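Reviewing the structure listed below.
Position 1 is the first residue of the sequence; numbering continues from there. The shown structure was predicted, so the numbers you read here are calculated from the model rather than taken from an experiment.
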Amino acid sequence: MTNIRWSELIDSDEFYKLRRQRGLLRFGVFVVSFNDYGLLGASYEVGHDSYWRMTSLTGDAYDGLSSHARLAAIGRWVYIIGKTAMLRCDAWTGVVMNRAKMSVLRKKFAAAVVNGKLYVAGGSTRTSAVEEYDPKRNLWRVVCHAPRMRYGCVGTAVDGVLYVIGGLRIGGVCNDAPSRAASGSGVHVYASSMDLYDVEARRWLRSRSIPGGGCVVAACSCRDSIYILASHAVELSFWKFHGSRRVGFGFGEWCRLKSPPLPTQVRLDGTVRFSCVGVGEKVVLIQVMGCIDDLLRRSGRSTRGVTDALVLVYDTRDGEWSRGVDMPDVVRRAACACVEW
């Protein structure tokens with residue numbers, strides 16, 4: 001009985017809030033790698049760890065998940081959201097449990113956490129529905145429909161607003177938005193734009209686009225802003241979008257920042273992918289797929305020595321980049337999230 005009560009205390013919201021108030025929570029990056037044998041987890045506390053801590057995820061079957069699954073974290077609970085299944089992983093113990101799956105089949109969709117609930121959008125050719133997941137009730141429901149049907153998009157959130165960023169706009173007739181039918185190939189690029197949904201007000205705000213265009217490679221939230229890495233014809237750019245809606249904080253303003261220290265004149269293609277995660281006051285950029293050396297060689301350049309699984313860290317206070325600890329060789333095609341321990 002004592003052990004049960006102790007377990008309930010550790011898992012309680014009150015204990016978690018108390019640890020946060022006392023400054024006892026730590027922030028770290030948690031990644032999940034997908035392979036033929038199951039799931040592999042790894043964690044890294046930026047500025048503290050000198051290596052990635054590997055975790056063998058144990059629990060229920062992993063059917064319905066793939067390398068296109070998205071990660072979203074609420075505290076220490078990491079939700080692995082797949083096309084036909086969803087798992088909840090305890091970042092403390094590595095124990096995995098099955099949870100309710102999305103009602104809409106999605107692939108390469110946007111996912112984010114707003115006020116303790118999960119939101120997903122895009123990734124479907126049949127509907128523009130946005131779904132909300134309540135962890136306490138283990139229940140999904142459709143809350144609205146997006147103004148654009150996106151595929152390959154990224155999700156994040158700041159100040160109660162869900163951001164659905166980048167990707168392709170998928171045309172065609174769907175049940176909830178027949179007027180969106182498109183001619184020709186039915187696929188239109190909206191790679192540099194983002195749609196904003198006010199969760200509390202249940203309304204869509206004015207869409208925004210990256211100044212100068214480009215293709216969104218990775219995006220995340222950190223403090224009160226959205227940080228976006230974009231690829232252009234011959235270069236990469238790094239941007240900050242002010243997301244705080246408090247008076248005097250410049251909501252909607254863009255600021256171009258120092259680009260990450262990657263080889264100049266790199267144009268990323270589908271073989272090299274990055275993900276970024278906001279961790280405290282830092283943005284962690286992680287190469288989750290591909291080899292930059294191979295990318296340079298295909299473009300006729302002989303530069304060598306650019307490692308796989310590169311990890312770069314941007315300090316939002318001083319505006320400088322630094323090198324993090326590269327991901328282990330066994331971690332590939334990973335999905336990433338920020339967790340609190």
- Message: Between the side chains of Glu340 and Arg26, is the shortest nitrogen-to-carboxylate-oxygen separation below 4.0 Å, so that they form an ion pair?
- Response: no
- Message: Tell me whether Glu132 contacts the main-chain N or O of Lys117 through its side chain, where contact means a donor paired with an acceptor under 3.5 Å.
- Response: no
- Check: Ala100 main-chain N/O paired with Trp140 side-chain donor or acceptor under 3.5 Å: yes
- Quick one: OH on Tyr79 to SG on Cys89, what's the gap to the nearest 0.5 Å? 11.0 Å
- Would you call Arg317-Asp315 a salt bridge at under 4.0 Å N-O? yes
- Item | Output field: ring centroids Tyr227/Phe241 closer than 6.0 Å | no
- Would you call Asp198 and Arg202 a salt bridge, using N to O less than 4.0 angstrom? no
- Item | Arg206: partners by salt bridge (Lys or Arg N to Asp or Glu O under 4.0 Å), with sequence neighbours left out | none
- Sequence neighbours left out, what pairs pass side-chain hydrogen bond (donor to acceptor under 3.5 Å, both in side chains) with at least one residue falling in residues 150-163? Arg150-Ser193, Arg150-Asp195, Thr156-Ser221
- Task: May I ask you to check whether over 12 heavy atoms, not counting those of Asp318, lie within 6.0 Å of atom CG?
- Result: yes
- Message: Students often mix this up, so state it plainly: with edges at 30° and 60°, are the rings of Tyr314 and Phe238 parallel, tilted or perpendicular?
- Response: perpendicular
- Short N-O contact, Lys258 and Glu320, less than 4.0 angstrom: yes
- Look at Arg53 together with Glu45 and state whether they make a salt bridge at an N to O cut-off of under 4.0 Å. no
- Message: Restricting to side-chain contact (heavy atoms from CB on, under 4.5 Å), what partner residues turn up for Ser124, sequence neighbours left out?
- Response: Val104, Arg126, Thr127
- Distance only, no hydrogens: is a donor on one side chain within 3.5 Å (strictly under) of an acceptor on the other, for Glu131 and Ser103? yes
